[in-house]
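What follows is a short report on a single structure.
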Amino acid sequence: MTFQEESNAIVGVWKTGDGNAMVKIYKNGDKFQGKIVWLKEPNDPETGKPKVDKNHSDEASRTRPILGLVNIWGFTYKDKNVWEEGNIYDPKNGNTYSCTIKMLNANTLEVRGYIGVSLIGRTDTWTKQVAK
C-alpha cells in the first residue's frame, strides 16, 4: 500500500461508540475532516425539531443544526495508521478537544479526545459503515 492509499484509509462513514451518530470522514485539501451525517435521535425531545448546537460557547452557533455539522477537522496522516493534530467537537457539552485517530483495522478507529496531554482524555471506538 502506498502512503497515499494508507492516508485515505480513514475516508468513509463511521458509527460512534455509543451508536448515536455517524460521521463521514473525507479529505479537505491535505487534511482530513468529518461531519455528522446521521443521528439515531435527530430531533430534540424537548422541541420536536431537529437538534441544534445548543451547548456551543458562541451564542451565534447555538442555532446551527447538528446534522451536517463538521465535528472533526485538521487531521494529518502521520504513519502506521495514525492521524494527528486534529480537533474533535462534542455537541453534547459544547467543548472542543485535541484529537488523535488510530486505525486498529480496516473497520475500527480509535478516536482519542483530550485536553493538554493525551494521557488525560477519553477514547471512543468507531466502526466503519458499509454502504447499502
Side-chain angles (χ1 to χ4, degrees):
M1 231 201 297
T2 67
F3 185 80
Q4 185 72 36
E5 288 170 326
E6 282 177 25
S7 74
N8 288 331
I10 196 175
V11 171
V13 176
W14 301 85
K15 187 179 267 190
T16 59
D18 60 12
N20 289 332
M22 287 186 205
V23 176
K24 181 178 187 171
I25 299 178
Y26 53 95
K27 199 161 188 180
N28 182 9
D30 60 350
K31 308 262 188 207
F32 292 87
Q33 67 182 43
K35 66 180 174 183
I36 299 169
V37 293
W38 177 86
L39 291 170
K40 187 175 188 176
E41 193 179 36
N43 292 333
D44 187 327
E46 291 170 27
T47 64
K49 294 185 172 131
K51 284 185 178 169
V52 293
D53 195 8
K54 64 183 181 186
N55 297 316
H56 198 284
S57 59
D58 175 21
E59 209 171 315
S61 295
R62 291 183 191 158
T63 55
R64 65 185 184 170
I66 297 291
L67 208 55
L69 184 72
V70 172
N71 69 322
I72 64 169
W73 66 93
F75 289 89
T76 305
Y77 182 65
K78 290 301 173 191
D79 66 342
K80 296 185 183 74
N81 299 322
V82 176
W83 291 259
E84 292 180 337
E85 296 169 13
N87 293 289
I88 187 164
Y89 173 73
D90 184 352
K92 286 183 195 142
N93 60 25
N95 292 331
T96 298
Y97 304 95
S98 297
C99 187
T100 345
I101 298 175
K102 185 175 188 180
M103 185 173 271
L104 302 182
N105 59 49
N107 296 310
T108 313
L109 294 182
E110 204 176 71
V111 181
R112 181 148 185 85
Y114 58 93
I115 295 172
V117 290
S118 87
L119 291 173
I120 304 163
R122 187 172 68 89
T123 301
D124 196 21
T125 303
W126 292 10
T127 312
K128 184 131 192 180
Q129 302 301 294
V130 180
K132 289 180 181 161

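Start at 1 with the first residue, then count along the sequence.
- In this structure, Val111 and Cys99 have side chains that are in contact, with non-hydrogen atoms separated by less than 4.5 Å.
- Separating the CG atom in Leu109 from the OG1 atom in Thr100 is a distance of 12.0 Å, to the nearest 0.5 Å.
- Residues Asn87 and Phe75 have side chains not in contact (no heavy-atom distance under 4.5 Å, counting atoms from C-beta outward).
- Val11 approaches Phe32 most closely through the heavy-atom pair CG2-CE2, 3.8 Å.
- Considering every non-hydrogen atom in both Trp83 and Glu6, the closest pair reads CZ2-O, 3.5 Å.
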Evaluate the criterion side chain to side chain contact (heavy atoms under 4.5 Å, CB included) for residue pair Glu46 and Lys54; output intermediate values, then yes/no.
CA-CA 12 Å; Glu46 291 170 27; Lys54 64 183 181 186; 3.8 Å; yes
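- Annotation: the span from Asn71 atom CG to Thr96 atom OG1 amounts to 10.0 Å, rounded to 0.5 Å.
- The two atoms that bring Leu39 and Ala21 nearest to each other are CD2-CB, 3.9 Å, heavy atoms only.
- If you take OG1 on Thr127 and CG on Leu104, they are separated by 10.0 Å, rounding to the nearest 0.5 Å.
- Looking at Glu85 and Lys78, a side-chain N of the basic residue comes within less than 4.0 Å of a carboxylate O on the acidic one, giving a salt bridge.
- The hydrophobic cluster containing Trp73 does not contain Val82, counting ILVMFWY residues as joined when their side-chain heavy atoms lie under 4.5 angstrom apart, directly or transitively.
- The nearest pair of heavy atoms linking Trp126 to Thr16 is CD1-CA, 3.6 Å.
- Checked by atom type and distance alone, the side chain of Thr76 never pairs as donor or acceptor with a backbone atom of Lys31 at under 3.5 Å.
- With values rounded to the nearest 0.5 angstrom, Ile66 atom CD1 is found 9.5 Å from Asp44 atom CG.
- Hydrophobic clustering, with ILVMFWY side chains joined whenever heavy atoms are under 4.5 angstrom apart, keeps Met22 apart from Met103.
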If you apply the rule salt bridge (Lys or Arg N to Asp or Glu O under 4.0 Å), what do you find for Glu41 with Lys51, and how did you get there?
CA-CA 8 Å; Glu41 193 179 36; Lys51 284 185 178 169; 3.5 Å; yes
Under the side chain to side chain contact (heavy atoms under 4.5 Å, CB included) rule, what do Asn81 and Asn105 come out as? Steps first, then yes or no, please.
CA-CA 9 Å; Asn81 299 322; Asn105 59 49; over 6 Å; no
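- The line from OH of Tyr89 to NE2 of His56 is 4.5 Å long, rounded to the nearest 0.5 Å.
- Residue Tyr77 is grouped with residue Trp14 when hydrophobic side chains (ILVMFWY) are merged at heavy-atom distances under 4.5 angstrom, including chains of intermediate members.
- Ser7 and Lys27 get closest at one heavy-atom pair: OG-NZ, 4.4 Å.
- Counting only heavy atoms from C-beta outward, the side chains of Ser98 and Ile88 never approach each other to under 4.5 Å.
- Salt bridge present: Asp53 and Arg64 bring a charged side-chain N and a carboxylate O closer than 4.0 Å.
- Separating the CZ atom in Arg122 from the OH atom in Tyr97 is a distance of 7.5 Å, to the nearest 0.5 Å.
- A salt bridge between Asp18 and Lys92 is present, with a side-chain N of the basic residue lying under 4.0 Å from a carboxylate O of the acidic one.
- Annotation: side chain of Gln129 is not in contact with side chain of Trp38 (no heavy-atom distance under 4.5 Å).
- Ion pair Arg112/Asp124 not flagged as a salt bridge, since none of the NZ, NE, NH1 or NH2 atoms sits closer than 4.0 Å to an Asp/Glu carboxylate oxygen.
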Please report the C-alpha distance between Thr108 and Lys128 in whole Å, then the side-chain angles of each, then the deciding distance to 0.1 Å, and finally whether the side-chain hydrogen bond (donor to acceptor under 3.5 Å, both in side chains) criterion is met.
CA-CA 6 Å; Thr108 313; Lys128 184 131 192 180; over 6 Å; no
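- No more than 12 heavy atoms of other residues, nucleotides or ligands shown are found within 6.0 angstrom of CD on Glu59.
- Using a 4.5 Å heavy-atom cutoff, the side chains of Val37 and Lys35 are in contact.
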